[in-house]
Visitor: 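My questions all concern the structure below.
Just so we're on the same page: letters track the sequence lines, and every chain starts at 1. All values reported here derive from a predicted model rather than from experimental measurement.
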Amino acid sequence: MESKETAINPDFLQPYSPKDNEDALYKKWEESGYFNPDVCVEKGVTAKDAESFSIVLPPPNVTGTLHMGHAAMLAVEDALVRYHRMNGKKTLWIPGTDSAAIATQSKVEGDIYKKDKLTRHDLGREELLKRVADFAEQSKDTIIGQTKAMGSSLDWSRYAYTLDDKRYRAVMEAFVRMYEAGLIYRGERIVNWDPKGQTTISDDEIVYEERKEKFYYLKYGPFTIGTSRPETKFGDKYVVMHPDDARYKDFSHGQQIELEWINGPITATVIKDEAIDMEFGTGVMTITPWHDVTDFEIAGRHNLDKEQVIDERGILLPIAGEFAGQHISKAREAIIEKLRSKGLLEKEEDYTHNVSTAERTGAVIEPQIKAQWFIAVNKAVAFPDGRVMTLKERMRETVEKGEVKIAPDRFNKTYYHWIDNLRDWNISRQIWFGHRVPAWFKEGEVKVQTDSPGEGWEQDPDTLDTWFSSGLWTFSTLGWPEETDDLRTYHPTSVLETGYDILFFWVARMILMSTFLLGEVPFKQVYLHGLVRDGQGRKMSKSLGNIINPLDMIAKYGTDATRLSLLIGAAPGNDVPLSEDKIRGYKNFANKLWNISRFILSNTTDSKDSATVEYSARDQEILAEMKKVTTEVSGDIEGFRLYLAGEKAYHYVWDELAANILEESKPILNGEDVKTKLARQMVLRECLTGSLKILHPFMPFVTEAIWQRLPEEMKDAEMLMIAKWPSK
RNA sequence: GGGCGAUUAGCUCAGUUGGUAGAGCAGCGCUUUUACACAGCGAAGGUCGGGGGUUCAAAUCCCUCAUCGCCCACCA
């Protein structure tokens with residue numbers, strides 16, 4: 001026994017230490033160049049004509065730090081990538097970071113204000129952009145370093161940043177092409193104005209919040225109107241009711257009525273419109289087309305005047321008379337007081353309704369009419385394949401026809417529902433950090449082109465919605481608009497793995513961009529993961545104090561344990577409960593594997609000659625079993641059931657290989673029958689390498705650490721990372 | 001108001017095409033016999049949310065109710 005122990009690597013005499021292995025292994029992988037498929041082909045690891053497998057990493061915010069959600073995403077994607085790489089595919093996983101326009105700019109603005117008490121207007125556009133860019137550059141290494149700590153086998157030579165030159169160019173090109181196709185237009189429309197962020201936002205960036213407010217009944221000439229927003233009512237000179245409402249049949253469309261209103265007598269005009277709900281309130285309302293979407297549409301149908309009442313900062317304009325200059329949040333009380341004193345307030349009720357707020361800033365949205373850039377989703381245009389259809393139709397079709405498959409498929413319905421309700425997408429933002437709209441103005445003329453038309457042309461100061469550039473991500477990272485080899489080889493990408501919470505923001509927008517600009521889908525498969533929650537299924541949050549930091553877990557239990565805990569039990573589309581106990585359990589497993597290896601190696605040091613092996617029936621059974629597990633694990637990975645694949649491999653190794661096979665092998669290994677012993681030694685070695693391989697996608701470090709310590713004759717590759725997946 | 005999902009052992013969840021329930025963690029008892037105490041062995045624990053139906057057979061399919069959660073929606 002003594003001699004056998006010394007024959008194997010002495011590291012095995014100590015428990016497995018993730019800390020002492022992980023960084024060195026990652027460095028070794030990175031330096032080998034095998035994260036880059038070109039190197040794999042060059043060195044003969046991958047066949048020149050091999051099928052490709054590609055994933056783009058959903059780019060984390062440059063200024064962010066790694067949280068469990070990222071860790072889960074990296075674990076899933078890396079497992080897929082490692083599996084396909086070992087299966088001989090030309091495998092590419094592209095890293096990148098996102099400038100995250102609004103989020104980043106407001107973070108920097110906040111910091112500057114805290115430190116120097118300066119606003120962005122004090123600094124000016126150029127200076128602010130410089131500071132934001134510096135900040136982004138500084139903090140980008142943090143997230144990259146953390147991504148590496150997870151063991152991610154990303155091809156760093158292809159690293160992309162949403163605001164780097166190539167991506168910037170792609171964005172400009174996309175805008176111009178869509179404009180020329182008539183898909184992008186500039187229009188005066190009612191948009192969602194965020195008074196705090198001082199920018200418009202898209203419909204998808206709105207979050208509804210339930211609020212308890214007062215609902216007021218006001219006397220408006222012969223009518224009683226209901227409103228929850230008296231501060232918008234100054235300009236109201238149209239009173240609207242349903243044409244079929246019997247209560248108001250004596251009033252006719254277009255009829256003019258003199259009445260006393262907040263700031264004195266006005267002339268109101270009766271409008272009949274079917275948008276009115278006869279059941280709600282009194283069935284009569286006045287309209288404020290400048291600050292309400294429904295009202296805007298009614299005004300549009302009847303060609304009515306529109307007047308702005310509230311400015312961009314939420315301050316009442318001169319139309320409000322004595323209330324002008326007041327902020328709407330303060331003015332409401334005073335207005336109600338005046339209405340009451342004039343006898344115009346009939347009653348007030350408690351009222352619960354949904355208020356639209358901006359996702360980023362939390363501010364209550366104030367609809368405003370503004371000239372903005374939009375993408376027309378209902379306009380039929382010619383696609384690259386020659387067909388003429390709308391973006392909506394094309395987007396729906398990709399999923400309906402299975403060009404893009406979504407796992408879990410129940411999200412198909414969610415996707416359709418979103419598309420059916422989709423309205424033109426407002427893509428211009430009034431912030432500075434981001435891709436600037438490639439439109440140029442001069443004396444009322446507009447030119448849309450990537451570079452300035454020359455002297456005297458002023459570029460539109462607006463920037464683009466961050467999701468516009470994100471929508472190009474699968475192909476802007478591959479070199480588009482140039483026709484690169486990468487684009488030909490790796491697009492459409494194989495899988496897009498991301499959280500279900502950005503199905504609309506991102507997944508749908510990528511489908512939109514790719515089908516129109518390239519004439520193909522951006523990816524064949526969507527894999528939606530859930531949110532990582534705590535052990536009790538609660539959301540992780542600072543206030544609950546239940547945040548589990550992936551880097552802490554990596555330091556404490558190792559990356560492999562952290563990865564496994566995020567993979568097992570994580571079915572697509574379902575939230576993942578995570579507790580420290582769970583991670584600890586998988587740390588023990590890594591050590592178990594280490595000890596299994598130690599046992600097998602120390603008991604097979606004298607088994608070099610394999611030429612004349614005769615397997616017993618049981619030996620063959622064991623080998624068949626190994627093969628069966630491999631088949632199942634492979635099937636589960638390919639079917640995106642990683643939670644099952646990981647569990648099965650785990651189960652096999654612990655409960656079958658360790659508990660049964662090793663135990664029953666002890667008498668044979670210690671016995672006198674040399675032939676039987678040799679056969680079993682070969683079988684055990686086979687089980688070990690097979691187990692390391694099927695576990696590698698899930699726990700790359702410990703499996704590679706063991707692989708590096710195997711005798712040469714057991715290995716078919718210098719690194720497990722590029723070893724051949726066992727036959728299925 | 002519409003849609004989706006969940007309800008299985010103390011906790012968190014598996015259970016792929018229907019065949020008399022499984023895992024991890026926690027907990028209980030025993031074991032330091034060298035691969036591993038970051039371990040092993042053993043016992044305990046569930047009328048699979050309620051009700052109805054289809055079937056020889058249902059946690060698994062259908063209907064219905066209940067509770068919880070999520071998403072979507074321009075009722076002033």
Side-chain angles (χ1 to χ4, degrees), chain A residues 1-2 4-5 8 12-13 15-17 190 192 203-204 206-208 215-216 225-229 232-233 236 240 275-288 292-298 351 353-354 356 365 367 408 410-418 420-421 423 500-501 503-504 530-531 533-537 539 557-558 561 564-565 568-571 573-603 632 635-636 639 641 643-644 647-648 650-651 654-655 658-659 662-663 665-666 669:
Chain A
M1 197 50 86
E2 186 71 13
K4 280 180 184 173
E5 288 285 356
I8 66 163
F12 282 114
L13 299 177
Y16 173 65
S17 162
I190 188 154
N192 310 306
D203 295 342
D204 294 287
I206 287 179
V207 182
Y208 290 97
F215 190 75
Y216 304 97
I225 59 159
T227 183
S228 57
R229 299 202 62 195
T232 64
K233 298 280 123 187
D236 291 13
V240 192
I276 301 297
D277 181 354
M278 291 187 266
E279 308 295 315
F280 187 86
T282 55
V284 186
M285 68 174 194
T286 59
I287 58 168
T288 315
D292 186 282
V293 177
T294 309
D295 297 359
F296 178 82
E297 283 166 4
I298 292 171
Y351 175 59
H353 70 150
N354 286 331
S356 16
I365 295 299
R410 62 184 146 89
F411 281 98
N412 288 2
K413 270 196 180 173
T414 317
Y415 176 80
Y416 295 142
H417 186 256
W418 178 79
D420 294 342
N421 285 300
R423 299 184 302 168
Y500 62 72
D501 51 330
L503 178 63
F504 308 140
L531 262 50
R533 294 172 177 273
D534 76 359
Q536 279 98 58
K539 225 173 189 166
Y557 306 108
L564 219 47
S565 68
I568 295 181
N574 287 356
D575 292 347
V576 194
L578 181 73
S579 63
E580 203 166 327
D581 281 340
K582 188 176 175 186
I583 305 174
R584 191 183 300 118
Y586 292 119
K587 173 184 192 263
N588 297 352
F589 178 61
N591 193 54
K592 185 78 183 178
L593 185 62
W594 185 254
N595 281 302
I596 290 168
S597 310
R598 167 188 181 176
F599 176 82
I600 292 179
L601 291 176
S602 63
N603 281 289
E632 285 184 22
D636 285 335
R641 296 179 296 270
Y643 62 109
L644 286 182
E647 199 173 12
K648 276 179 192 164
Y650 169 93
H651 229 86
W654 200 314
D655 299 325
L662 293 194
E663 287 308 320
S665 298
K666 284 176 183 173
L669 296 169

Visitor: Categorize A:D501 for me: base, sugar-phosphate, or nothing, with a 4.0 angstrom heavy-atom threshold over every strand shown.
Guide: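 No contact at all - A:D501 keeps every heavy atom at 4.0 Å or more from the nucleic acid.
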Visitor: Indicate, with a heavy-atom threshold strictly under 4.0 Å, whether A:G558 touches base, sugar-phosphate, or nothing.
Guide: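 No contact.
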Visitor: Taking only N and O in the side chain of A:K413, is any of them less than 4.0 Å away from OP1 or OP2 of B:C4?
Guide: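 For A:K413, the contact criterion (side-chain N or O under 4.0 Å from OP1 or OP2 of B:C4) is met.
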Visitor: Over how many whole Å does the gap from A:N354 atom CG to B:C70 atom C1' extend?
Guide: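 Nearest whole value for this atom pair: 15 Å.
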Visitor: Describe the nucleic acid contact of A:E663 in one word from base, sugar-phosphate, nothing, applying a heavy-atom distance below 4.0 Å.
Guide: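 Base, at least one base heavy atom under 4.0 Å.
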Visitor: With the sugar-phosphate defined as primed atoms, P, OP1 and OP2, and the base as all remaining atoms, what B/S/- string results for nucleotides 39-44 of chain B, 5' to 3', for protein heavy atoms under 4.0 Å?
Guide: SS----
Visitor: Would you kindly give the CZ-to-C1' distance between A:F504 and B:C4, to the nearest whole Å?
Guide: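 Nearest whole value for this atom pair: 11 Å.
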Visitor: Which of these nucleotides, B:A23, B:C74, B:C75, is closest to any side-chain atom of A:R423?
Guide: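 The closest nucleotide is B:C74.
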Visitor: Across all strands shown, which nucleotide pairs with B:A39 by Watson-Crick or G-U wobble geometry, both distances under 3.5 Å?
Guide: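 B:A39 is paired with B:U31.
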Visitor: Distance check needed: B:G3 C1' versus A:D420 CG, whole Å only.
Guide: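 These atoms are roughly 12 Å apart.
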Visitor: Give me the atom names and distance for the closest heavy-atom approach of A:M285 to A:I276.
Guide: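 Scanning both residues completely, I find the closest heavy atoms to be CE-CD1, 3.6 Å.
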Visitor: Among B:A35, B:C74, B:A23, find the nucleotide with the atom closest to the side chain of A:K666.
Guide: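 The answer is B:A35, which lies nearest to the side chain.
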Visitor: Could you tell me the separation between the CG atom of A:L593 and the P atom of B:C36, rounded to a whole number of Å?
Guide: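 Nearest whole value for this atom pair: 15 Å.
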Visitor: With a cut-off of under 6.0 Å to the ring centre and 45° to the axis, is A:K666 in cation-pi contact with A:F599?
Guide: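 Yes.
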Visitor: A:N595 side chain: which of B:A35, B:C74, B:A23 is closest?
Guide: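 So the nucleotide nearest the side chain must be B:A35.
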Visitor: Show your working on side-chain contact (heavy atoms from CB on, under 4.5 Å) between A:D292 and A:T232 and close with a plain yes or no.
Guide: CA-CA 10 Å; A:D292 186 282; A:T232 64; over 6 Å; no
Visitor: Over 60° means perpendicular and under 30° means parallel, so classify the ring planes of A:Y351 and A:F215, tilted if in between.
Guide: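 Tilted, since the angle between the ring planes falls between 30° and 60°.
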Visitor: Using a cut-off of less than 4.0 Å, is there contact between a side-chain N or O of A:H417 and OP1 or OP2 of B:G2?
Guide: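 For B:G2, neither OP1 nor OP2 has a side-chain N or O of A:H417 closer than 4.0 Å.
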Visitor: When you compare B:C41 with B:A35, how far apart are their P atoms, in angstrom units rounded to a whole number?
Guide: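 Taking atom P in both B:C41 and B:A35, they lie 14 Å apart.
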Visitor: If we check ring pair (Phe, Tyr, Trp, His ring centres under 6.0 Å) with A:F504, which of these qualifies: A:W418, A:Y415, A:Y416?
Guide: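 It is A:W418, the one option of A:W418, A:Y415, A:Y416 that forms the ring pair (Phe, Tyr, Trp, His ring centres under 6.0 Å) with A:F504.
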Visitor: Between A:I206 and A:T282, which has a closest nucleotide on RNA chain B that is more 5'?
Guide: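 Its nearest nucleotide lies further toward 5', so the answer is A:I206.
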Visitor: Check the distance between B:C74's P and A:H353's NE2 and give it to me in whole angstrom.
Guide: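 Taking atom P of B:C74 as the reference, NE2 of A:H353 is at 15 Å.
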Visitor: On the nucleotide B:A76, are OP1 or OP2 found under 4.0 Å from the side-chain N or O atoms that A:Y351 carries?
Guide: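 Checking A:Y351 against B:A76: at least one side-chain N or O falls below 4.0 Å of OP1 or OP2.
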Visitor: Under 4.0 Å between any heavy atoms, over every strand shown, what does A:I276 touch: base, sugar-phosphate, or nothing? Just pick one.
Guide: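 Touches a base.
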Visitor: Should A:N421 be listed as having a side-chain N or O under 4.0 Å from OP1 or OP2 of B:C74?
Guide: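 Checking B:C74 against A:N421, no side-chain N or O comes under 4.0 Å of OP1 or OP2.
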Visitor: Choosing from B:C71, B:A35, B:C36, which nucleotide comes nearest the side chain of A:T414?
Guide: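 Taking heavy atoms from C-beta onward, the closest nucleotide is B:C71.
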Visitor: So what does A:D581 touch, heavy atoms closer than 4.0 Å: a base, only the sugar-phosphate, or nothing?
Guide: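 Counting heavy atoms under 4.0 Å across all strands, the contact made by A:D581 is with sugar-phosphate only.
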Visitor: With both distances kept under 3.5 Å, what pairs with B:G5, Watson-Crick or G-U wobble?
Guide: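 For B:G5, the partner nucleotide comes out as B:C68, under the 3.5 Å rule.
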Visitor: Quick one: do A:I583 and A:L578 satisfy side-chain contact (heavy atoms from CB on, under 4.5 Å)? Show the steps, please.
Guide: CA-CA 8 Å; A:I583 305 174; A:L578 181 73; 3.9 Å; yes
Visitor: If you check the A:M285 side chain, which of B:C36, B:A14, B:A76 turns out closest?
Guide: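 Of the options given, the side chain of A:M285 lies nearest B:A76.
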Visitor: Specify the separation, in whole Å, of atom CG of A:N412 and atom C1' of B:C71.
Guide: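 The distance from CG of A:N412 to C1' of B:C71 comes to 15 Å, rounded to the nearest Å.
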Visitor: Tell me which nucleotide, if any, is Watson-Crick or G-U wobble paired with B:A59 when both distances must be under 3.5 Å.
Guide: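 In the structure as shown, B:A59 has no Watson-Crick or wobble partner.
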Visitor: Between A:R533 and A:R229, just flag the one whose closest nucleotide in RNA chain B comes earlier from the 5' side.
Guide: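 The 5'-side residue here is A:R533.
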Visitor: Hey, mind stepping through A:Y586 and A:Y557 against side-chain contact (heavy atoms from CB on, under 4.5 Å) and telling me if it holds?
Guide: CA-CA 8 Å; A:Y586 292 119; A:Y557 306 108; over 6 Å; no
Visitor: Could you state the atom-to-atom distance from CG of A:L564 to C1' of B:C38 in whole Å?
Guide: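 One finds 14 Å between C1' of B:C38 and CG of A:L564, rounded.
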Visitor: Does a nitrogen or oxygen in the side chain of A:Y643 sit under 4.0 Å from OP1 or OP2 of B:G15?
Guide: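 Yes, A:Y643 has a side-chain N/O under 4.0 Å of OP1/OP2 on B:G15.
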Visitor: Sort out the partner of B:C75 for me: Watson-Crick or G-U wobble, both distances under 3.5 Å, none otherwise.
Guide: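 Answer to the pairing question: none, since B:C75 forms no Watson-Crick or G-U pair.
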Visitor: How are the rings of A:Y500 and A:F411 set relative to one another: parallel (under 30°), tilted (30 to 60°) or perpendicular (over 60°)?
Guide: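 Parallel, since the angle between the ring planes stays under 30°.
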Visitor: For B:G1 and B:C61, measure between their P atoms and round to the nearest Å.
Guide: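 28 Å, rounded to whole Å.
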Visitor: For nucleotides B:U7 and B:C65, find the distance between their C1' atoms and express it as a whole number of Å.
Guide: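 Per the computed distance, 14 Å lies between those C1' atoms.
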Visitor: So what does A:I568 hit on the nucleic acid, given a heavy-atom distance under 4.0 Å: a base, only sugar-phosphate, or nothing?
Guide: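 The answer is nothing, as A:I568 stays clear of every strand by at least 4.0 Å.
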Visitor: For A:A658 and A:K592, work out which heavy atoms get closest and say how close.
Guide: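 Closest approach of A:A658 to A:K592: CB-CE, 3.7 Å.
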Visitor: Roughly how many Å is it from NZ in A:K587 to C1' in B:C36, rounded to a whole number?
Guide: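 In whole Å, B:C36 C1' lies 13 Å from A:K587 NZ.
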Visitor: Please name the pair of heavy atoms, one in A:D575 and one in A:L531, separated by the smallest distance, quoted to 0.1 Å.
Guide: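 Looks like OD1-N, 2.9 Å.
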Visitor: Say we look at B:A23 and B:U17: how far apart would their C1' atoms be, to the nearest angstrom?
Guide: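 Approximately 22 Å lies between the C1' atom of B:A23 and that of B:U17.
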Visitor: Can you tell me how far C1' in B:A43 sits from the matching atom in B:G52, rounded to whole Å?
Guide: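 It comes out at 39 Å once rounded to the nearest Å.
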